[in-house]
**Student:** 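Would you mind keeping the following structure in view while I ask a few things?
Within every chain, numbering begins at 1; the chains are lettered A, B, ... in the order of the sequence lines, protein sequences first and strands thereafter.
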Number of protein chains: 2
Amino acid sequence: MKTQDRIIHAALALFNQHGEPNITTNHIAADLGISPGNLYYHFRNKEAIIHSIFDQYAQDLALAFDPSQPQEDTQALLQHYLDATFSLMWRYRFFYANLPDILRRDEALQHKYLDAQQQLQTNLMTILQHYSHAGWLNLSESGLAAVGETLKQVASSWIFYQSAQAPQTHIHAGVIYKGVLQMLALLHPLTSSQGQTAIASLMDHYQQQLVRQDIRALDTLN
Amino acid sequence: MKTQDRIIHAALALFNQHGEPNITTNHIAADLGISPGNLYYHFRNKEAIIHSIFDQYAQDLALAFDPSQPQEDTQALLQHYLDATFSLMWRYRFFYANLPDILRRDEALQHKYLDAQQQLQTNLMTILQHYSHAGWLNLSESGLAAVGETLKQVASSWIFYQSAQAPQTHIHAGVIYKGVLQMLALLHPLTSSQGQTAIASLMDHYQQQLVRQDIRALDTLN
DNA sequence: GTCTATATTTAGATAGAC
DNA sequence: GTCTATCTAAATATAGAC
């Protein structure tokens, strides 16, 4: 791997584990066994590293919604959406745990972030409209928009919320399934009887993922 | 005012305006026109200042739900709850914009925060149960708990969410009314016809507050 | 591309005089 | 209680040799 990519990789891992404000350029260099001078040869400063990590995130996000993918049914579409957004948020969680301060320092990044959010929201609304047209949701057009807005907030602040609720050590990948379940629980009382079956089956699916994840987490402790 | 209180006051204002990570003990001392040495006479370090500010927040929160207050009707109770929690979150917004990192640094504070959250959640669930018993909500017992959990997340991540959405300069007190409206919009489709009237009247109320606030914000610009 | 060495700056904190 | 003076430690960043 190129040194530039190794820096991005190491920085992401350290940021996720210790929180971005607690990791300096020296920490990153030391972790890789390279000199600080070398690191500064590849990146102008720490902000540039964060910016590059975000670019990679945005690229991963675009790939996850590759328009060349085959048409799927509504149900699979929602599951794909939830899987992709939450697993990516988890992989880049340092960012979502610290959004206000990171974005304040880099105006260009703020705009890129809002663009990405807008794309995610558009995709979500498309899926909600599928559900609505299939008669699975009992909501007016404006009700749909309101739910979409709430879902967007729940998703994009989930990592933040969990980080504040639990001491850092207790956070593991299982929290992403909890986040998905939280969103589905929000939709559940708004569905018609057919829709309820669809949402309930998704909730079952993620409940199982959560249990498996918890078992894996226990294994890690041993 | 005692110097100790003046430090807390100035620190809160600076933290809210510039973000806690961007304000040093030197900034606080300079803002007050006192020496750094003097500041350190009153507080062991910056963390102690933040901790004191939180203690004041917790005290304000307890006061806002003074048990000696007269019994109110369900509707007034919810309005009181929303007014108090959101206006206090606004007054101490630096904290809510940066929760994960602030709490990670101070384990004792993490516990105090969780206690406060627990108290807020208990109060919220009591109110939801009032609504439910009055036949205003079409929800099972478990549905009620799920909605309560979502409302808790929406409320406690509202400041964070807004700070990430908007460039810092565009954030003003009006966002707290938007947050209240967001919570009410979440409840709205879950209500019975009587409940709908009650929630709709609250939404009207906060919509008006929001408009007034926006007008005041415009005034400030002129 | 990478290292060593080092400069610059700032945050956090303390000692001791008043 | 408050100030002046100052120290330590750390973070950011660069210069120049290899």
**Student:** Mapping His27(A) and Tyr41(A) onto DNA chain D by nearest heavy atom, which one lands closer to the 5' end?
**Tutor:**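 Whichever sits nearer the 5' end wins; that is His27(A).
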
**Student:** Calculate the interatomic distance between Ile28(B) atom CD1 and dG12(C) atom P; express it in whole Å.
**Tutor:**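 Distance check: Ile28(B) CD1 to dG12(C) P gives 9 Å.
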
**Student:** Do the two ring centres, one from His18(B) and one from Phe94(B), sit under 6.0 Å apart?
**Tutor:**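 No, the ring centres sit 6.0 Å or more apart.
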
**Student:** Give, for atom CD1 of Ile8(B) and atom CG of Leu12(B), the distance between the pair rounded to the nearest 0.5 Å.
**Tutor:**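 Between Ile8(B) CD1 and Leu12(B) CG, I get 9.5 Å after rounding to 0.5 Å.
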
**Student:** Nearest whole Å is fine: how far is dA11(D) C1' from Glu20(A) CD?
**Tutor:**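 Result: 13 Å.
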
**Student:** Assess whether a salt bridge exists between Glu20(A) and Arg105(A), defined as any Lys/Arg side-chain N lying under 4.0 Å from an Asp/Glu carboxylate O.
**Tutor:**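 Arg105(A) and Glu20(A): salt-bridged.
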
**Student:** Expressed in angstrom and rounded to an integer, what is the separation of Ile23(B) atom CD1 from dA11(C) atom P?
**Tutor:**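 Interatomic distance, CD1 of Ile23(B) to P of dA11(C): 10 Å.
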
**Student:** From OH of Tyr40(B) over to P of dG1(D), roughly how many Å is that when rounded to an integer?
**Tutor:**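 Atom-to-atom, Tyr40(B) to dG1(D), this comes out as 19 Å.
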
**Student:** Between dT12(D), dA13(C), dC3(C), which nucleotide gets closest to the side-chain atoms of Ser35(A)?
**Tutor:**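 Of dT12(D), dA13(C), dC3(C), dC3(C) is nearest to the side chain of Ser35(A).
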
**Student:** So what does Thr24(B) hit on the nucleic acid, given a heavy-atom distance under 4.0 Å: a base, only sugar-phosphate, or nothing?
**Tutor:**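 Touches sugar-phosphate only.
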
**Student:** Does the Lys46(A) side chain pair with the main chain of Ile23(A), one donor and one acceptor, at a distance under 3.5 Å?
**Tutor:**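 Checked: pair present.
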
**Student:** Could you tell me the separation between the CD1 atom of Ile7(B) and the C1' atom of dC3(D), rounded to a whole number of Å?
**Tutor:**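 Result: 14 Å.
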
**Student:** Any side-chain N or O of Thr3(B) less than 4.0 Å from the OP1 or OP2 oxygen of dT2(D)?
**Tutor:**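 Answer yes for this pair, as a side-chain N or O of Thr3(B) is under 4.0 Å from OP1 or OP2.
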
**Student:** Using whole Å, report how far NE2 of His42(B) lies from C1' of dA13(C).
**Tutor:**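 About 16 Å, once rounded to whole Å.
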
**Student:** Is there a side-chain contact between Asn38(B) and the phosphate of dG1(D), meaning an N or O under 4.0 Å from OP1 or OP2?
**Tutor:**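 So the side-chain polar atoms of Asn38(B) never come under 4.0 Å of the phosphate oxygens OP1 or OP2 of dG1(D).
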
**Student:** Atom CG of Asn22(A) and atom P of dA9(D): how far apart are they, to the nearest Å?
**Tutor:**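 Whole-Å distance recorded here is 20 Å.
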
**Student:** Rounded to the nearest Å, what distance is computed from the CD1 atom of residue Ile50(A) to the C1' atom of nucleotide dA11(D)?
**Tutor:**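 Rounded to whole Å, this separation is 14 Å.
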
